[in-house]
There are 2 protein chains.
Amino acid sequence: MKNSKKMNMVIAQSGGPSMVINGSLVAAVVFAKQDGKGRIGKILGARHGIAGILKGDYVDLRKVPFAKLRGLITTPSSALGSCRLKPTPEDCRRIFEEFRRRDVGYFFYIGGNDSADAARIVGEEAEKEGYPLVVYHIPKTIDNDLRSCDHTPGFGSAARFVACALKGDDLDNRALGGVKIDIIMGRDAGFLTAASALARERPDDGPHLIYLPEVLFSLDKFVRDVKAAMKKYGRCVCAVSEGIRGKDGVPIGAKLGSGEKDSHGNVQMSGTGALGDYLARELKARAGIKRVRADTFGYLQRSFPAMQSKNDLDEAMRAGAAAVVSALRAADGDAEFPTKGTIGIVRIPGKRYSVRYEAMPAEAAAKFTRSVPKEFIAKNGHDVTPAFVEYAKPIVGELPHCEVI
Amino acid sequence: MKNSKKMNMVIAQSGGPSMVINGSLVAAVVFAKQDGKGRIGKILGARHGIAGILKGDYVDLRKVPFAKLRGLITTPSSALGSCRLKPTPEDCRRIFEEFRRRDVGYFFYIGGNDSADAARIVGEEAEKEGYPLVVYHIPKTIDNDLRSCDHTPGFGSAARFVACALKGDDLDNRALGGVKIDIIMGRDAGFLTAASALARERPDDGPHLIYLPEVLFSLDKFVRDVKAAMKKYGRCVCAVSEGIRGKDGVPIGAKLGSGEKDSHGNVQMSGTGALGDYLARELKARAGIKRVRADTFGYLQRSFPAMQSKNDLDEAMRAGAAAVVSALRAADGDAEFPTKGTIGIVRIPGKRYSVRYEAMPAEAAAKFTRSVPKEFIAKNGHDVTPAFVEYAKPIVGELPHCEVI
């Protein structure tokens with residue numbers, strides 16, 4: 001494939017927001033504007049992802065002043081708006097009509113595995129239809145579950161929020177005692193819950209118990225674990241993933257919630273305190289502990305201002321830039337760069353933390369996700385290993401020091 | 001009263017933690033250490049408030065290294081531990097036995113209205129018993145409801161967390177639409193919920209609806225308000241106090257919770273997502289809105305690291321110092337300084353923000369609280385006035401700017 005003439009580009013955001021997804025957007029726009037060969041014409045931001053393309057709802061991103069773009073870099077959430085839509089072949093045909101009308105040759109979609117899958121579908125349908133389109137997925141997810149990335153932009157900052165929250169919450173629990181349960185996002189992968197471990201500075205700091213969706217959850221074990229921690233520390237802080245599930249494989253939170261689903265088939269779990277309240281109730285009844293409190297961190301984890309991890313923002317921006325560079329190379333016919341791609345983030349082994357960005361086929365990020373690997377999960381089933389802490393530290397960055405007496 | 005000989009002092013923390021209560025502690029300790037006349041001997045920190053005194057559980061605060069004290073200043077929560085205990089006359093007698101044994105002539109208690117009341121009771125019982133004790137309450141409460149203070153140390157930083165959270169949450173709601181309900185702390189006073197208004201930068205920024213406990217809550221009005229906001233903005237963010245109550249005067253959240261009470265008679269409301277889930281359920285059913293989410297901010301509001309408001313920390317420290325200075329003046333027989341006192345914070349009228357610290361009788365802060373005054377509540381019953389924003393701005397400090405396109 002060779003796009004010799006100048007083509008317009010569409011960029012959009014999809015899925016759950018993050019604190020650095022606008023960094024990817026801004027970097028992609030800046031790199032597209034600065035293309036020395038002038039291969040990109042209009043830079044159109046579609047509002048609310050594919051939904052906006054289908055409605056022809058665009059922002060002309062060439063016209064957004066630099067000061068506004070700069071402000072967006074540190075602004076959480078998805079500035080173009082988001083959606084959770086899996087495009088049907090019929091949707092794709094309408095997208096290509098729209099793209100044809102507007103001379104669109106480049107399409108960038110920033111999001112997680114579902115968004116990568118949406119981009120993959122658009123790319124495949126474009127080939128079937130013979131529509132010449134370069135499609136690049138730009139990775140983003142606080143869940144950190146893309147198979148194509150050592151870690152995903154968005155995770156570091158959300159993990160930073162979680163670690164800070166646990167630091168404060170552990171001190172709160174030190175002051176008033178009893179059991180505190182914190183419910184953390186991540187429906188299938190426990191990376192964000194695992195990041196709570198970074199809160200620890202001292203051997204008796206919480207979280208004392210960490211429950212990931214990768215480990216079968218048993219209420220009996222939970223009660224035993226809490227009793228043991230109460231005996232050891234005189235108090236107990238638990239970090240619990242919203243996705244914990246028992247023997248039947250169904251997330252406990254999903255059974256307590258509204259049952260609402262998006263078009264990718266994901267059940268609503270965030271935006272409700274049901275799981276935390278359930279665990280607190282059961283713990284009070286079964287363990288006879290008087291003071292049990294539960295907080296569900298909810299959307300603050302992904303959209304809190306001034307919580308960005310420095311490395312996370314940097315990587316989100318570089319991933320956005322890499323997507324534009326790769327798309328242009330693909331359009332120029334460089335076979336090393338797929339025309340339907342995603343940007344993988346690969347960690348370079350060595351003492352100093354560093355990563356490289358790699359253009360991969362879109363399938364590498366699409367649909368299927370990865371879980372927290374075994375070497376990051378402690379044998380007792382309620383903690384993470386030092387290897388996880390080493391893995392996550394540079395991604396999350398330095399955390400505020402808290403003192404105790 | 002005149003304490004001519006050197007006496008020891010006890011200091012303790014009580015009630016809910018805050019992000020700056022350790023600032024008051026450290027400043028009081030530093031001022032006590034630096035008393036030129038050497039009137040204070042040992043500086044004992046009682047762990048878990050009055051409970052620690054009754055158990056003789058102390059930290060020798062003279063021995064805590066300066067680096068540790070400095071670290072505590074920016075550490076959230078109550079470093080000495082806390083309690084929620086209303087002392088009985090029998091408790092007081094045991095406290096005086098303990099104090100007599102340890103030559104304690106000064107007692108400082110950092111906390112809210114219940115803690116002020118506890119200090120008042122200790123002071124009154126000391127007079128009845130003829131035990132020579134100077135007692136000072138140091139103000140702290142994220143609820144901002146002490147009658148003795150224009151605003152209370154702890155409020156500014158919690159308000160800063162709430163305003164930041166609402167900024168991020170409003171951007172999250174912009175991206176994904178529907179209705180978002182945020183439940184904010186404050187069982188009787190709506191100041192913290194009101195502070196959500198500081199999140200707004202643009203006319204269409206959320207929160208679009210603000211519900212304080214000072215205004216009778218009606219589910220019918222709530223549904224009408226949300227529908228109107230959805231029509232106007234295409235989305236809706238609601239900041240709701242955990243203390244909202246209907247005609248019967250009972251907080252709705254208290255009826256949904258565990259019914260657990262502390263010894264001051266306060267029902268547990270935080271540490272559960274029940275109120276948010278209830279409102280979301282009712283809204284879905286009554287208004288037919290598909291996407292409704294609720295988050296309960298919980299303990300993060302009072303114990304998040306690196307969220308201190310600069311003025312709030314400064315005032316917490318000055319209040320702690322003022323208590324020590326006032327107690328020494330009272331011990332020296334200066335009649336302007338009560339021997340059973342609290343530190344009031346008075347705002348000095350004028351263009352530039354400034355406050356002064358005033359020694360007041362302990363009763364001024366004890367037991368009864370204040371509510372958000374009428375001039376701060378909008379006539380429509382679901383917002384605050386510009387006067388509130390002017391009042392709160394300098395207390396909360398500058399907030400991160402967020403951009404939209």
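Keep in mind that this is a model prediction, so the values were computed, not measured. Below, chain A is the first sequence line, B the second, and so on; all start at residue 1. Note that these values count all heavy atoms, side chains included, but never hydrogens, waters or copies made by symmetry.
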Where A:Val404 and B:Lys68 come nearest, the two heavy atoms and their spacing: O-NZ, 2.9 Å

Is any side-chain heavy atom of B:Leu300 less than 4.5 Å from a side-chain heavy atom of A:Phe161? yes

Under 4.5 Å between any side-chain heavy atoms of B:Ser303 and A:Leu171, yes or no? no

Which value, rounded to the nearest 0.5 Å, describes the distance between [X] atom [atom1] and [Y] atom [atom2]?
X        : Y        : atom1 : atom2 : answer
A:Asp169 : B:Tyr299 : CG    : OH    : 9.0 Å
A:His48  : B:Leu176 : NE2   : CG    : 8.5 Å
A:Ile405 : B:Thr75  : CD1   : OG1   : 10.0 Å

Heavy-atom distance under 4.5 Å to chain B: side chain of A:Tyr278, backbone, both or neither? neither

Contacting moiety of A:Leu399, where chain B heavy atoms sit under 4.5 Å: neither

Quick check on [X] against chain A: is it the side chain, the backbone, both or neither that has a heavy atom closer than 4.5 Å?
X        : result
B:Ile181 : neither
B:Pro76  : both
B:Cys164 : both

Chain B shares the most heavy-atom pairs under 4.5 Å, among A:Gly276, A:Ala79, A:Ala274, A:Cys402, with A:Cys402

Could you have a look at A:Leu72, A:Val64, A:Asp172 and say which one has the most heavy-atom pairs with chain B under 4.5 angstrom? A:Asp172

Would you say that more than 12 heavy atoms from the other residues, nucleotides or ligands in this model lie under 6.0 Å from the NZ of A:Lys33, or not? yes

What do you reckon, is NZ of B:Lys310 surrounded by more than 12 foreign heavy atoms closer than 6.0 Å? no

Would you say the rings of B:Phe297 and A:Phe297 are close, in the sense that their centroids are separated by under 6.0 Å? no

Greatest number of heavy atom pairs closer than 4.5 Å to chain A - which of [options]:
options                              : value
B:Gly71, B:Ser78, B:Ala165, B:Ala306 : B:Ala165
B:Ser82, B:Gly16, B:Ala67            : B:Ser82
B:Gly177, B:Gly45, B:Gly81, B:Pro305 : B:Pro305
B:Cys83, B:Gly49, B:Ser77            : B:Ser77
B:His401, B:Met19, B:Gln13, B:Arg47  : B:Arg47

